[in-house]
Amino acid sequence: MATVDWTADANEALTLSLVRAEEDKQVLGGEETYEEFHPTFTYPIYGEDEKIYGYQDLVIDLRFASGSLAQYLSVRHAQKLDASTTVDNVEGILKEFIPPDYDTDEAAFLTRVQEDAVSFKPIGSVIHTYTRPVPSTSGSRSAAREVVEYEVYHATWNDPGFREYHRRMQIFILLYIEAGSYINEDDEAWHFFVLYEKRKRQNGTKTYHFIGYSSVYKFYCFPEKHRLRLSQFVIVPPYQHQGHGSELYKTIHNYALLTPLISELTVEDPAEAFEDLRDRNDLRMLLANENFMKEGFGHEAVSHGGGKVRKRKTRARANPMGASSGTVKGVVKGTGKMGPPIDKAWSETFRTQLKMAGRQWQRLMEMLILMHLDPTDIHAARAYRLQVKERLYRFNFEILAQLEKEERLEKLEETFQSLREDYLRILEMIK
């Protein structure tokens, strides 16, 4: 007789849905679906192993009204072990992480979805809008001519009702950010940037639907400014890989740029996927900055609509054997401030103007130099390698200082080559 397995995978058992009113579902495209997706992590709720014991065919149905995020929770299973201290209290554990006003009656929840769809309006102030073409809908001839609007709202605890709204959306931090945790509501330094879809119904009414948000902390920065630290950033799965994360990140950066008393935007311990998103958007922003590119790479750097920047091809004569090639003591004399080596004072001026964190700025400079580096110019390649290794040595000083010189040089070269490969990977994304 086969042994019955009473253990369920919490990530598979927990099913999430962003539920829309019937009128809102009527305008969705055939490929659009916002219901029945799963979390990436559940260990903050159900423990490190992400296992739930005592059930067969367990389904934890957690639904949200797509705009107001009002919640419904239902726990279903085919069988449950007899009452025992070893059986996990599924609902009892989860309800510790969501507001107590969730519905358990499905009909009542669906009625609330219908009502909230019309009455809900985002909290805070709109600071950015953008549009996308309406996904095609069956039987709709005008869909191709219409667009979906998206809006980013800036809010703080001082906005009426936002504290309660935040309690509904914060669970996405636990479910999609590794090592994510709830923040302290008593700390007034938090700022929030929340992204919504603004969708038009067939009767012209527009309704709002939650996409994701970011939590940003404001620090004092001597002598009279503040530094913003991007702490949490999440886009829910139905909206991922559609450029919405980039729009949200650019909005936060632009907010910092347009706020005189903010000196810098930093990021707290970014995950690899977010670091890639950040790199792509920062690089594109710099490539589209005509003054930066001209000063950095000379007037021969030409921007094509903010896309990839290439140097103009020249038909200059080659230098005769033995003639100077523009190098002094092995260092390239470039036409722009990027070198290599980079003009540090010039670089710092642009960094402070664009309010970027020091390490991120250095990485971006290294990527842009690599993008323009002539692979046949051994002097430039050497200058670039030394510039990068100097930063790596400073960043990893405590570890490298403990190694013998030969091992230290070997480790630096290994790190440099690995970093170079990663830079090439990122640069490939922005072509």
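The ring pair (Phe, Tyr, Trp, His ring centres under 6.0 Å) test applied to Y153 returns Y196, not counting sequence neighbours. Under the side chain to side chain donor-acceptor pair (under 3.5 Å) criterion, D269 pairs with no residue at all, not counting sequence neighbours. Shown here are the salt bridge (Lys or Arg N to Asp or Glu O under 4.0 Å) partners of R63, two or more places apart in sequence or in another chain: D61, E106. Take E164 and apply the side chain to side chain donor-acceptor pair (under 3.5 Å) test, not counting sequence neighbours, and it matches no residue. Residues meeting the side-chain contact (heavy atoms from CB on, under 4.5 Å) test with N203, sequence neighbours left out: R201, T205. Remark: H154 pairs with H191 by the side chain to side chain donor-acceptor pair (under 3.5 Å) rule, at least two apart or across chains. Evaluation of the side-chain contact (heavy atoms from CB on, under 4.5 Å) rule for E22 yields K25, Q114 as partners, not counting sequence neighbours. For S17, there are no side chain to side chain donor-acceptor pair (under 3.5 Å) partners, not counting sequence neighbours.
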Discussion item. Salt bridge (charged side-chain N to carboxylate O under 4.0 Å, His left out), that's the test. Do E290 and K294 meet it? Break it down for me.
Written reply: CA-CA 6 Å; E290 188 174 345; K294 283 184 177 180; 2.9 Å; yes
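Between K198 and E151 a salt bridge is recorded (basic side-chain N to carboxylate O distance below 4.0 Å). A salt bridge links E185 to R167: one of the charged nitrogens lies within less than 4.0 Å of a carboxylate oxygen. Comment: R425 does not engage E428 in a salt bridge, judged by the lack of any side-chain N to carboxylate O separation of less than 4.0 angstrom. With respect to the salt-bridge test (charged N to carboxylate O, under 4.0 angstrom), the residues D377 and R382 do not qualify.
Among residue pairs with one or both ends in residues 205-220, those qualifying as salt bridge (charged side-chain N to carboxylate O under 4.0 Å, His left out) are E149-K206; sequence neighbours excluded. For residues 224-246, the salt bridge (charged side-chain N to carboxylate O under 4.0 Å, His left out) pairs, not counting sequence neighbours, are R227-E264, R229-E268. Screening residues 355-374 for salt bridge (charged side-chain N to carboxylate O under 4.0 Å, His left out) gives D279-R363, E366-R391 as the qualifying pairs, with residues at least two apart or on separate chains. Evaluation of the salt bridge (charged side-chain N to carboxylate O under 4.0 Å, His left out) test over residues 396-405, restricted to residues two or more places apart or in two chains, returns none.
Relative ring orientation between Y130 and H244 is described as tilted, the plane-to-plane angle lying within the 30° to 60° band. Using the six-membered ring where Trp is involved, Y213 and H166 have ring planes that are perpendicular, over 60° apart on the 30 and 60° scheme. Between F172 and Y176, the two ring planes are parallel [angle under 30°; tilted spans 30° to 60°].
Between the side chains of D159 and Y165, no donor-acceptor pair of N or O atoms lies under 3.5 Å. Donor-acceptor pairing under 3.5 Å is recorded for the side chains of Y249 and D282. Judged by distance alone, the side chains of T251 and H253 never bring a donor and an acceptor atom under 3.5 Å apart. For H128 and E247, the side-chain atoms include at least one donor-acceptor pair closer than 3.5 Å. In summary, the side chains of Q417 and E421 do not present any donor paired with an acceptor at a separation below 3.5 Å, with no hydrogens or angles considered.
A donor-acceptor pair is defined here as one N or O able to donate and one able to accept, closer than 3.5 Å; such a pair exists between the side chain of E32 and the backbone of G29.
Smallest separation of non-hydrogen atoms from M367 and L283: SD-CD1, 3.8 Å.
Aromatic rings from F395 and F397 are positioned such that their centres are separated by 6.0 Å or more. In this structure, the ring of F192 has its center less than 6.0 angstrom from the ring center of W157.
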